[in-house]
Amino acid sequence: MTIRLRAPRRLAAAATAGALALSLAACGGTTKDSASDSGDAKAGGNASANPNAPLKKGLKLAFLPKQVNNPYETIVDNAGIAAAKEFGGEAKEVGPSDASASSQVSYINTLIQQRHDAILIAANDENAVCGPLKQAMSKNIKIVAYDSDTNPDCRDLFINQASSEEIGRSEVKLLSEQIGGEGEIAILSATANATNQNTWIKFMQDELKKPEYSKMKLVKVAYGDDDDQKSFQQTQGLLQAYPNLKGIISPTTVGIAAAARYISGSKYKGKVALTGLGTPDQMRKFVKDGTVKGFELWDPKNLGYLAAFAAAALSSGQITGAEGEKFKAGKLGERTIGANGEVILGPPTVFDAKNIDQYHF
Amino acid sequence: MSRLMRWETAVTLLLVLVFASGAGFSPDFANNDNLSFALDDLSEIALIALPMTLLVVCGQVDLSVASILGLCSALTGKLWDGGMSIEAIIPLVLVVGVVCGLVNGLLVTRLGLPSLAVTIGTLTLYRGLAYVTLGTGAVSEFPTAYTDLATSSIPGTPIPYPVALFAVLAAVTGVVLHATGVGRSLFAIGAQEDAAYFAGIRVKRIKLILFAVSGLVAGFAGVVYTLRYGSARADNGIGLELAVIAAVLLGGVDFDGGKGTLGGVIAAVLLIGLLRNLLMLNDVSTEVQSIVTGLLLIISVLTPRLIAVAREARGRRRGARPAVPAAAP
């Protein structure tokens with residue numbers, strides 16, 4: 001037998017070695033504070049834009065969603081693929097079957113090898129895709145993030161569904177219309193530390209300060225943690241704790257669906273208004289049974305359409321991604337690039353009994 | 001089977017075939033950038049496949065490796081966020097990997113539980129700990145010197161640094177498995193554990209050490225993964241254990257233990273990786289890719305058995321019973 005050392009002694013030896021390495025390492029080394037060199041220059045940032053350049057023909061675009069076969073992303077990407085036909089380009093959708101952080105990386109490499117003109121990506125992890133995207137940019141492939149942004153260093157543009165301010169303020173306006181501008185209201189959010197949720201809520205609170213909402217009073221922000229069961233219970237809790245509650249805003253697709261399910265089966269149906277951000281497929285039956293009068297979300301078709309035109313404008317040299325540049329996005333008209341290379345799709349679409357059957361996602 | 005007709009020879013031939021057809025028909029395949037990327041993409045699977053080969057040869061399996069990877073990635077992120085240096089984090093994380101492996105090993109050897117059941121349990125346990133450590137968020141902004149090291153290649157070659165490291169570890173593992181007494185012991189345990197025990201092989205100790213090494217390498221793969229993607233997350237590497245085990249089985253290692261070669265496993269890792277890369281370059285969808293890999297795996301498990309059955313049938317037709325030791329007079 002070649003293995004002779006007794007296990008306890010082996011363990012002790014390993015532990016000593018570990019401790020030794022630790023104490024050595026503690027003397028110096030790379031820490032978070034000593035490494036502050038992330039400010040890479042943006043690739044292609046020195047190119048100049050020619051707003052009058054025509055859109056190139058035969059551009060090759062690729063959509064890389066978070067996950068293929070996700071109904072929402074399929075709508076976005078198919079609209080983008082159709083848009084590419086409008087300007088004489090070709091586009092395709094490729095992507096992983098799971099939405100894990102690293103699963104998109106090998107697809108980016110493939111698209112680089114296939115020499116696409118632009119990669120459009122809805123990132124699963126803003127940093128995990130960064131390395132290969134930078135490599136793509138160094139080979140003059142344009143990167144457009146849509147739906148879910150990457151680290152700004154790693155893309156030329158981000159097509160934002162709607163501005164946070166617009167979402168926050170419009171939710172308050174929508175609810176105010178539904179409850180006649182007065183009464184107690186509550187918010188059912190996702191998690192307490194969700195950045196996007198908190199930004200929206202901040203703008204809701206600011207909007208409520210306007211004189212026209214002086215009779216509306218925000219009594220509570222509840223958190224359902226984007227968990228169906230918990231959101232359901234939180235709704236129940238809100239309605240019991242505040243018997244005079246007139247309306248709830250739930251700016252999360254999980255929260256609004258759970259709240260609608262609770263309200264539709266309770267005595268509060270028709271008495272307490274519910275609005276927020278949801279998908280038409282989830283909310284259809286609650287709109288039809290009168291639980292919900294109207295809710296909103298961006299139109300995913302327009303998101304894909306705008307992203308495709310933005311990629312074409314970049315690849316044709318009309319824009320470089322700098323703030324203030326303008327480009328034409330087909331039937332959507334002109335868009336201007338904002339701060340941080342963001343392009344905003346526009347105000348969210350309100351879905352109600354009149355139009356909900358036109359949308360399937 | 002004769003030596004030339006061994007399964008691992010077939011896998012190697014298939015690998016050569018995939019490479020040649022890729023180089024011949026796909027202009028974007030055999031260039032430095034793509035090969036280097038395809039190899040780098042295999043880093044963690046390849047690393048973890050080394051101890052997994054030893055375990056499976058020994059009749060064991062470790063399904064918790066990807067969760068250990070995730071836990072170590074989450075821990076790397078947490079400590080980095082707390083201001084610790086990478087040089088201090090790495091040994092600490094490796095110790096955690098070893099501890100995870102020891103827990104598996106102790107449960108298997110002291111309580112006599114089957115490794116499949118134990119590591120299904122710790123697969124969930126370690127992943128849970130990873131989420132407790134870091135939640136659902138991500139830690140990034142690792143120093144570029146380290147992230148570059150994880151993604152760039154040795155100058156002038158398509159060989160990424162993690163793969164070069166893998167090559168060294170693979171050489172060590174190959175020697176241990178095929179040219180030392182320890183290696184012979186592993187095959188003996190896998191073939192007939194009781195016999196090995198009575199032959200004086202310290203079965204439990206060897207198993208315990210193997211699980212510890214498996215945890216160590218999985219922890220190390222966690223660090224590589226974190227730096228390669230520049231993103232520490234609790235869900236990193238989810239499902240990776242299946243890719244590793246698929247490679248080990250495709251490489252011709254018998255899941256029942258006692259049979260297999262490291263060369264076969266390495267050829268299988270490369271085959272799966274390059275095949276996937278080639279399919280992607282040809283716009284074959286993700287679904288079809290998994291069908292191809294799945295079929296390949298089933299064929300690899302089925303073929304040796306079919307050959308054995310066919311041989312037996314032929315033997316019967318000739319009237320000669322398959323090699324049964326002659327009864328003593």
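Numbered from 1 within each chain, the chains take letters A, B, ... in sequence-line order.
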Is it the side chain or the backbone of [X] that comes within 4.5 Å of chain A heavy atoms, both, or neither?
X: B:D148; result: neither
X: B:N236; result: side chain
X: B:D40; result: neither
X: B:R228; result: neither
X: B:I238; result: neither

| task | Taking atom types as modelled, find out whether A:N69 and B:E287 have a side-chain donor-acceptor pair closer than 3.5 angstrom. | result | yes

Below 4.5 Å, heavy-atom pairs only: which of [options] has the largest tally toward chain B?
options: A:S103, A:S100, A:G131, A:S106; value: A:S106
options: A:A101, A:S102, A:S97; value: A:S102
options: A:I112, A:T110, A:T191; value: A:T110

| request: Assess whether atom NZ of B:K204 is packed by more than 12 heavy atoms of other residues, nucleotides or ligands within 6.0 Å. | output: no

| Would you say A:K92 has more than 12 foreign heavy atoms packed within less than 6.0 Å of its NZ? | yes

| message | With a strict 4.5 Å heavy-atom criterion, list every residue of residues 117-125 of chain A that contacts chain B, or say none. | response |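 So far as heavy atoms go, A:N124, A:D125 are the residues that approach chain B to under 4.5 Å.
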
| request: State which residues pass salt bridge (Lys or Arg N to Asp or Glu O under 4.0 Å) with A:D98; sequence neighbours excluded, sorted by chain then number. | output: none

About how many Å separate [atom2] of [Y] and [atom1] of [X], when rounded to the nearest 0.5 Å?
X: B:E141; Y: A:N151; atom1: CD; atom2: CG; answer: 6.5 Å
X: A:Q113; Y: B:L281; atom1: CD; atom2: CG; answer: 6.5 Å
X: A:K139; Y: B:D33; atom1: NZ; atom2: CG; answer: 3.5 Å
X: B:D41; Y: A:N109; atom1: CG; atom2: CG; answer: 7.5 Å

| Option in B:F37, B:Y225, B:Y146, B:F29 with maximal non-hydrogen atom pairs under 4.5 Å from chain A |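 Greatest number of close heavy-atom pairs with chain A: B:F37.
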
| message | If you count heavy-atom pairs within less than 4.5 Å of chain A, which of B:S140, B:A138, B:A38 leads? | response | B:S140

| remark: Between A:V94 and B:D283 the two heavy atoms that sit nearest each other are CG1-OD1, 4.2 Å

| field | Taking every non-hydrogen atom, the tightest pair across A:Q114 and B:M280 | value | NE2-O, 3.6 Å

| field | Contact class of A:V105 relative to chain B, heavy atoms under 4.5 angstrom | value |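 Contact with chain B: backbone and side chain both.
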
